[in-house]
Amino acid sequence: MLNEPVLKVSNLGKQYNDRWAVRDLNLTVRKGEIYGFLGRNGAGKTTTIRMIMNLIKPTRGEIQLFGIPKAKLGQDLFRRIGATIEYPGFYPNLTAWENLYYNAKMFSINEARINEVLSFMGLSDTANRVVKGFSLGMRQRLGLARVLLHNPDFIILDEPTNGLDPAGIKEIRETIKRLNYEHNITILVSSHILPEVEQMASRVGIIHNGTLVEELTLAEIHQQGNTFLELKVNDTNKAMDVMKKRLGIEKFDQLDNGMLHVFGQLDKPELINRTLIQADIDVSHIVLRQETLEDHFMSITGGEE
Ligand SMILES: Nc1ncnc2c1ncn2[C@@H]1O[C@H](COP(=O)(O)OP(=O)(O)OP(=O)(O)O)[C@@H](O)[C@H]1O
Ligand SMILES: [Mg+2]
C-alpha cells in the first residue's frame, strides 16, 4: 500500500551527559518517497540515524519500521534496510569486489549480485582495484553499492554526497532518484545542502537543535512560499523608511547579506524603484522572487546557534 509508513519515530530522544542531542523527535517516512532529512551541522541527523540502525540506544522514545516496533524486527532490520552512516568504511587493502564479497557472505548473497551492484554504480571497471586508491567519489559509490547488495526495501543515506565535487554530487543524486523511481526503494537521505534536497526529495523534514521543526512536501513549500521583491540598496534603513512613508509598505526582511526583502506593492516594482531613486537612494538590484526551500529553511533555523 502506498503511503503506509515505512519508518515512524515517536518522541525520540538521546541524551549525552546533560545535553540532548535529539529530543522529542517525531517523523514519518512513507512507502515510495524520498524523504529529505535536512538540518545544519550538529542538528542531530546522524544521532537519529544511529538510533534507527541500532548503533546507539535511545534515551527515550519509540521507533517503528514497516509498522513493527524495532525491537521485534530482529534480523529483518538488516535484511530489509540498508544504511550508510557518515563516511562508509572499507578494508583498504581489499579490492572493491572483495569488500562486497565479505558483506555478501554475511547475508548469503550470491556472487552474481556483487557484479550487479558494482555495475549499477558504474564500478565494474574498478572492481579489482584495492579500495586504498579510491577517490572519495568512488568510495561513496562503493558505499551505495554495498547498501544495495541485499536488495533492501528501504535505504537510509547519511550525507551521501559528503566531500564530493559538483559532478559527483549530481551523479549520486541521479542514482538516488533512479533507485526510487525504477527500483521502488523508499529512501531517507540526510543532508545540510538545501539545493540538493530540493532537487531530489519529495518530502522534507527539517531538524533543528535535535528536534523536528517541520515536515512538509516540496509542493507545500512552494505553494505557501511568499512572493517578495528582493532589493539591494546603499542605505537599507532609509529605503525602508521611504517605502513605508511614501508607499505604505509595512513588511520587510533585512538580510545579513545586505539584501532587503519587501512584502508589498509587488505588482509595481518600477514604482518602488522610481520612489527610491527620487529619494536619492541607489538601487543596484531589484527582482521579484518566490520563497525557496533555502529561504524557508533560513527563516526557521537562522538566528541562534
Ligand atoms: N557520542 C557523543 N557524545 C556526546 N555528544 C555527542 C555524541 N554524538 C553526537 N553528539 C552531539 O550531538 C549533537 C548532534 O550531533 P549529530 O552528529 O547527530 O549531528 P548531525 O546533524 O549529524 O551533524 P553533521 O551535519 O555535522 O553531520 C551535536 O551537538 C554533537 O556534538
Ligand atoms: Mg552527521
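Counting starts at 1 for both ligands and their atoms, following the listed order. The residues of the chain are indexed from 1 along the displayed sequence. Not measured: the values here are computed from a predicted model.
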Visitor: Can you pull out the closest protein heavy atom to atom 18 (O) of ligand 1? Residue, atom name and distance to 0.1 Å, please.
Guide: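 Atom 18 (O) of ligand 1 sits closest to the protein heavy atom Thr47 OG1, 2.5 Å.
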
Visitor: Could you go through Arg246 and Asp241, starting from their C-alpha distance and side-chain angles, then the distance that decides it, and tell me whether this counts as salt bridge (Lys or Arg N to Asp or Glu O under 4.0 Å)?
Guide: CA-CA 8 Å; Arg246 303 206 189 155; Asp241 198 48; over 6 Å; no

Visitor: Taking the six-membered ring of Tyr102 as reference, does the NZ or CZ atom of Lys105 fall below 6.0 Å from its centre and within a 45° cone about the axis?
Guide: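 Cation-pi check for Lys105 and Tyr102: fails.
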
Visitor: Between ligand 1 and Arg19, is the shortest N or O to N or O distance under 3.5 Å?
Guide: yes

Visitor: Please tell me if the side chains of Thr186 and Tyr35 come closer than 4.5 Å, counting only heavy atoms from C-beta onward.
Guide: no

Visitor: Main chain of Asp282, side chain of Asn234: is a donor-acceptor contact present, judged purely on distance under 3.5 Å?
Guide: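 Judged by distance alone, yes, a pair lies under 3.5 Å.
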
Visitor: Is ligand 1 less than 4.0 angstrom away from at least one heavy atom of Gly39?
Guide: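 Gly39 does not count as a contact of ligand 1 under the 4.0 Å cut-off.
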
Visitor: Any protein heavy atom lying closer than 4.0 Å to atom 9 (C) of ligand 1?
Guide: yes

Visitor: Compare Phe37, Trp20, Tyr16 and give the one whose heavy atom is closest to atom 7 (C) of ligand 1.
Guide: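 Among Phe37, Trp20, Tyr16, the closest heavy atom to atom 7 (C) of ligand 1 belongs to Tyr16.
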
Visitor: Return the residue, atom name and 0.1 Å-rounded distance of the protein heavy atom closest to atom 12 (O) of ligand 1.
Guide: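 Sorting protein heavy atoms by distance from atom 12 (O) of ligand 1 puts Ala21 CB, 3.1 Å first.
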
Visitor: Relative to the ring of Phe263, is the ring of His261 parallel (under 30°), tilted (30 to 60°) or perpendicular (over 60°)?
Guide: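 Rings of His261 and Phe263: perpendicular, as their planes differ by over 60°.
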
Visitor: I need the nearest protein heavy-atom contact for atom 25 (O) of ligand 1: residue, atom name and distance, please.
Guide: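 Checking every protein heavy atom, the shortest distance to atom 25 (O) of ligand 1 gives Lys45 NZ, 2.8 Å.
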
Visitor: Are any non-hydrogen side-chain atoms of Asp280 and Lys238 less than 4.5 angstrom apart?
Guide: yes

Visitor: Out of all atoms in ligand 1, which are within 4.0 Å of some heavy atom of Glu159? Include the element for each.
Guide: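 In order of numbering, the contacting atoms are 25 (O), 27 (O).
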
Visitor: Answer with yes or no whether Arg40 contacts ligand 1, where contact means a heavy atom under 4.0 Å from a ligand atom.
Guide: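 Checking ligand 1 against Arg40, which is what was asked, there is a heavy-atom contact under 4.0 Å.
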
Visitor: Which protein heavy atom lies closest to atom 23 (O) of ligand 1, and at what distance to 0.1 Å?
Guide: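 So the nearest neighbour among protein heavy atoms is Gly42 N, 2.7 Å.
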
Visitor: Look at Asn41 and state whether any of its N, O or S atoms is less than 2.8 Å from the Mg ion (ligand 2).
Guide: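 Looking at Asn41, which is the residue asked about, there is no N, O or S atom under 2.8 Å from the Mg ion (ligand 2).
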
Visitor: Out of curiosity, does Tyr16 fall in the hydrophobic cluster containing Ile85 (side-chain heavy atoms, cut-off under 4.5 Å, transitive links)?
Guide: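 Both belong to a single hydrophobic cluster.
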
Visitor: List the closest protein heavy-atom neighbour of atom 26 (O) of ligand 1: residue, atom name, distance to the nearest 0.1 Å.
Guide: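 The protein heavy atom lying closest is Asn41 ND2, 3.2 Å.
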
Visitor: How close do Thr126 and Ala96 get, counting heavy atoms only, and between which atoms?
Guide: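 For Thr126 versus Ala96, the nearest heavy atoms are O-CB, 4.0 Å.
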
Visitor: Do you see a donor-acceptor pair shorter than 3.5 Å between the side chains of Asp158 and Ser190?
Guide: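 Yes, Ser190 and Asp158 have a side-chain donor paired with an acceptor closer than 3.5 Å.
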
Visitor: Give the residue, atom name and distance (to 0.1 Å) of the protein heavy atom nearest atom 17 (O) of ligand 1.
Guide: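 Looking at atom 17 (O) of ligand 1, the protein heavy atom closest to it is Thr46 CB, 3.8 Å.
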
